[in-house]
Amino acid sequence: MTMSDDRTRIARAAHPGREDSHTAHVVDGNAVVGALQDLFAGDLSMLMVECGGCHTTAPLAEWRVEADRDAFIVRCRSCTHTLWTLMRGGDGPSLLIAGGCGVRRGPEGEAPSPAG
């Protein structure tokens with residue numbers, strides 16, 4: 001049996017924004033690849049990002065970024081909470097996501113609202 005064949009059930013899975021619990025299955029990381037490709041497809045500047053500190057939500061293009069030769073540090077304009085750090089190195093980029101940061105696709109054609 002491979003990891004993706006593991007149909008272990010987790011009783012009572014719950015997710016933010018959903019009040020009903022439901023049955024979930026344990027699978028490997030391949031199961032989420034398609035959803036991640038959908039999330040990061042298209043114009044990434046319009047990717048909606050929520051700060052885990054103050055819960056301000058705005059398109060990625062509107063957040064404050066500190067950049068140097070080694071990294072981009074994405075910070076909240078309202079409370080300066082670090083949302084994520086994109087490291088640039090010899091092995092390629094790596095993304096370090098801060099706790100509580102949320103990312104979702106914005107509605108197509110919606111005008112962005114300013115971040116703080």
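Heavy atoms only: backbone and side chains are in, while hydrogens, waters and symmetry mates are out.
If you take NE2 on H55 and SG on C79, they are separated by 9.0 Å, rounding to the nearest 0.5 Å. Rounding to the nearest 0.5 Å places CD1 of I73 at 11.5 Å from OG1 of T80. Within the model, atoms CE of M48 and CG of L60 stand 10.5 Å from one another, a figure rounded to the nearest 0.5 Å. Summarising the geometry, atom CG belonging to L96 is positioned 13.0 Å from atom CG belonging to L83; distances are rounded to the nearest 0.5 Å. We find the OG-CZ distance between S78 and R64 to be 9.5 Å, quoted to the nearest 0.5 Å. Between atom OG1 of residue T85 and atom CG of residue D70 there is a gap of 12.0 Å, rounded to the nearest 0.5 Å.
Closest approach of W84 to I97, counting heavy atoms only: CB-CA, 4.0 Å. The shortest heavy-atom contact between T57 and R104 is CG2-NH2, 3.9 Å. Looking at every heavy atom in both residues, H81 comes nearest to A98 through NE2-CB, 4.3 Å. In plain terms, the two heavy atoms of T56 and W63 that are nearest each other are O-CH2, 3.4 Å.
Looking at M87 and F72, their side chains never come closer than 4.5 Å, going by heavy atoms from C-beta outward.
Taking a 4.5 Å side-chain heavy-atom cut-off between Ile, Leu, Val, Met, Phe, Trp and Tyr, the cluster of V33 contains only that residue.
Of the charged side-chain nitrogens involved, at least one lies within less than 4.0 Å of a carboxylate oxygen, so that E66 and R75 count as a salt-bridged pair.
Around atom CG of D38, more than 12 heavy atoms belonging to other residues, nucleotides or ligands sit under 6.0 Å away.
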Assess whether side chain to side chain contact (heavy atoms under 4.5 Å, CB included) is satisfied between T82 and V74, documenting all intermediate values. CA-CA 6 Å; T82 297; V74 181; over 6 Å; no
